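Right, one structure below, let's go through it.
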Amino acid sequence: MKLTVLTSYEALSKHAATLVAAQIHAKPGSVLGLATGSTPVGLYAHLAAMHKSGALSLAGVTTFNLDEYEGLTAEHSQSYQAFMQQHLFGHVDLAPEKTHFPVGELVSTAYDDAIRQAGGIDLQILGIGGNGHIGFNEPGSSFDSRTRAVNLAARTIQDNSRFFAQASEVPHRAVTMGIATIMEARRILLMASGKQKAGAVAHALEGPVHERLPASILQRHSDVHVLIDEDAAAALKHL
Ligand code: GLP
């Protein structure tokens, strides 16, 4: 694993955007795996700004998002489809038919088949949940898991309630790429920011590789770049 600790969220977002842009420049037809949540918002803003300035085109890029809440359509403001439209897709030249979510006919291993047919993911962007989840692969998810419908952990439902008007509106289920699906990406960029992620980051990078901390599997991937800010790095012992 390669680890880069940045001084701030802004520096983290800018660095991540440089890496993603370099991937697209090296291979304009790149297949990207995309994450949602607050962590990649700054990254997407930088990519949108690069596009606006004429420095980056995503016209050849294909995307596969990690996950989506079960039952939320693109019209729902808190769906991940709406999130991507708001933060990235609405600002760049990505072709809508080249963007994919695990919804409709792609709610299970059909999603993995579609990823393979597209040539496999070149670069997967990942956040990490406070409980160590990746995508919506909650603690206890099998390392062999594929794209499937899952129940969300109580902590995840609570963490995500900040985006919904009422706690009762927060979905309890989602469809997520599996851990084996994620591990097939050629390169992975794991991003984390803030003190609330410090414990999960330390367990993922320095703890035992175990299904109770899904992100720990990344220690077994051959090309992972971890980009975190100083707060998220606070619990690491071996910096
Ligand atoms: C959600 C998403 C994950 C994301 C995580 C962290 O549950 N399904 O893909 O990495 O939350 O989110 P945030 O970046 O908002 O902390």
Side-chain angles (χ1 to χ4, degrees), residues 6 8-10 12-13 16-17 20 32-46 63-72 76-84 86-88 100-103 107 111 121 123-141 145 147-164 167 169-179 181-183 185 188-201 203-205 213-218 224-229 231-234:
L6 288 306
S8 66
Y9 175 72
E10 173 54 19
L12 166 73
S13 302
V20 174
L32 302 182
L34 299 179
T36 50
S38 15
T39 310
V41 166
L43 156 66
Y44 295 148
H46 278 287
T63 67
F64 287 88
N65 263 79
L66 272 171
D67 46 18
E68 177 58 287
Y69 290 115
E70 196 174 84
L72 295 199
H76 191 289
S77 65
Q78 293 310 322
S79 71
Y80 287 162
Q81 295 162 86
F83 174 100
M84 291 309 305
Q86 183 191 346
H87 292 287
L88 184 67
H100 303 84
F101 289 84
V103 298
V107 290
Y111 201 55
I121 290 173
L123 177 62
Q124 174 68 54
I125 295 156
L126 279 185
I128 183 170
N131 61 4
H133 74 215
I134 46 176
F136 271 133
N137 294 286
E138 300 286 21
S141 295
S145 56
T147 302
R148 70 210 184 284
V150 292
N151 292 316
L152 301 183
R155 172 161 182 185
T156 303
I157 295 168
Q158 194 190 330
D159 285 353
N160 292 347
S161 64
R162 68 191 192 276
F163 298 113
F164 292 81
E169 288 178 27
V170 189
H172 288 204
R173 282 174 66 77
V175 179
T176 182
M177 270 187 208
I179 294 181
T181 317
I182 292 169
M183 288 294 282
I188 294 179
L189 183 58
L190 175 70
M191 303 173 69
S193 165
K195 284 193 169 55
Q196 71 282 7
K197 298 292 172 67
V201 166
H203 282 109
L205 271 59
L213 203 297
S216 64
I217 189 67
L218 299 173
V224 177
H225 191 159
V226 180
L227 278 190
I228 54 179
D229 63 15
D231 284 344

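First listed ligand is number 1; within each ligand, the first listed atom is number 1. Heavy atoms only: backbone and side chains are in, while hydrogens, waters and symmetry mates are out. Fair warning: this is a prediction, and the values are worked out from it, not measured in the lab.
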Checklist entry - What is the nearest protein non-hydrogen atom to atom 7 (O) of ligand 1, stated with its residue, atom name and distance? => result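 Minimum-distance protein heavy atom for atom 7 (O) of ligand 1 reads Phe136 CE2, 3.0 Å.
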
Item to check | Derivation of the side-chain contact (heavy atoms from CB on, under 4.5 Å) call for Gln124 and Met177 | outcome: CA-CA 11 Å; Gln124 174 68 54; Met177 270 187 208; 3.7 Å; yes

Item to check | Non-hydrogen atom of Glu138 closer than 4.0 Å to ligand 1 | outcome: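 No, that is not the case, since the closest heavy atom of the residue is not under 4.0 Å from the ligand.
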
Checklist entry - Touching ligand 1 at all, Met191? Heavy atoms, strictly under 4.0 Å? => result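 No, Met191 has no heavy atoms under 4.0 Å from ligand 1.
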
Checklist entry - Angle class for the Phe164/Tyr69 ring planes (parallel below 30°, perpendicular above 60°, tilted otherwise)? => result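 If you compare the ring of Phe164 with that of Tyr69, the planes turn out perpendicular.
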
Checklist entry - In terms of the angle between their ring planes, are Phe83 and His87 parallel, tilted or perpendicular, with boundaries placed at 30° and 60°? => result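 Tilted, since the angle between the ring planes falls between 30° and 60°.
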
Checklist entry - How would you list, by chain and number, every residue that makes a salt bridge (Lys or Arg N to Asp or Glu O under 4.0 Å) with Glu70, sequence neighbours excluded? => result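 Listed in chain order: Arg173.
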
Checklist entry - Does ligand 1 have a heavy atom under 4.0 Å from the side chain of Leu126, from its backbone, from both, or from neither? => result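 None of Leu126 does.
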
Checklist entry - Between Asp67 and ligand 1, is there a nitrogen or oxygen pair with a distance under 3.5 Å? => result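 Between Asp67 and ligand 1 (N or O atoms, distance only) the closest approach is under 3.5 Å.
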
Item to check | Under 3.5 Å: N/O of Thr156 near N/O of ligand 1 | outcome: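 Between Thr156 and ligand 1, no N or O pair is found under 3.5 Å apart.
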
Next on the checklist: Looking at non-hydrogen atoms alone, which of Gly135, Gly37, Gly127, Gly129 comes nearest to atom 3 (C) of ligand 1?
Outcome noted: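 Selected option, by shortest heavy-atom distance: Gly135.
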
Next on the checklist: Asn131 and side chain to side chain donor-acceptor pair (under 3.5 Å): which single residue from His203, Arg155, Glu138 fits?
Outcome noted: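 Of all the options given, the one that passes is Glu138.
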
